[in-house]
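Each remark here refers to the structure printed beneath this line.
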Amino acid sequence: MNRIIIEFDTFLDKGLLEYLKTIDGIENCDINEGKISIVYKDNMSLFVIVKEICLYLDILRRPSILSFDKHLTNKLEEFKLVINDLCCEFCLMHDIEELLYVDGINSAYTDYDFDDKNNVVIYITYDSSIISKEELDKLSEEFNN
């Protein structure tokens, strides 16, 4: 079984939980402090889970993920991905969602204050046996181009 906690930039209601519980592969889910926690089978796609949530919330066309934690159990390392000149908060949420699907990245969040768009930091934990610091540096370069 896998577990993930995702924070969205929108209101999460109990109807979402009931909807997710009907999806084969999702074992359990809960909402706490605006974050959704999901326990799902190993063969369930994280991409599908996120798209099902976005479909239910009617936010498929709008980046909305503020943070995530996959609860990986291996030894994790920390990395700060700095976006030098952020375009907008939607770009930031798009970048965080992109990180969600990268193998080896356990968690990502930001303390962006929605005011200063210079040197915005995304705090990442990652499993260095799956993804290297050099690969994270390349992602950092992509996010800054």
**Q.** Distance-minimising heavy-atom pair for F47 and Y101
**A.**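 For F47 and Y101, the tightest heavy-atom pair comes out as CA-CE2, 3.5 Å.
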Q.
Minimum heavy-atom separation for D13 and F11, please, with both atom names.
A.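 That closest heavy-atom pairing would be CB-CE2, 3.5 Å.
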[X] [atom1]: over 12 foreign heavy atoms closer than 6.0 Å:
X   : atom1 : value
D42 : CG    : yes
K51 : NZ    : yes
D24 : CG    : no

Looking at [Y], is its backbone amide N or carbonyl O close enough to the side chain of [X] to form a donor-acceptor pair, meaning the two atoms are under 3.5 Å apart?
X    : Y    : value
N144 : V82  : yes
T110 : V121 : yes
K70  : L100 : yes
N106 : H71  : yes

Rounded to the nearest 0.5 Å, how far does [atom2] of [Y] lie from [atom1] of [X]?
X    : Y    : atom1 : atom2 : value
I83  : N119 : CD1   : CG    : 10.5 Å
I6   : I96  : CD1   : CD1   : 12.0 Å
T125 : K75  : OG1   : NZ    : 12.5 Å
E77  : K133 : CD    : NZ    : 10.0 Å
D30  : S37  : CG    : OG    : 6.5 Å
Y40  : I49  : OH    : CD1   : 5.5 Å

Q | Side-chain heavy atoms of E7 within contact of Y109, under 4.5 Å | A |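 Heavy-atom side-chain distance check fails, nothing below 4.5 Å.
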(Q) Once you measure the plane-to-plane angle for Y56 and Y19, does it fall in the parallel (<30°), tilted (30-60°) or perpendicular (>60°) bin? (A) parallel
Q: Using the side chain to side chain contact (heavy atoms under 4.5 Å, CB included) rule, take N2 and L46 through it: C-alpha gap first, then chi angles, then the decisive distance, then the call.
A: CA-CA 10 Å; N2 296 303; L46 191 53; over 6 Å; no
Q: Using a strict cut-off of less than 4.0 Å between a Lys/Arg side-chain nitrogen and an Asp/Glu carboxylate oxygen, indicate whether E97 and R62 qualify as a salt bridge.
A: no
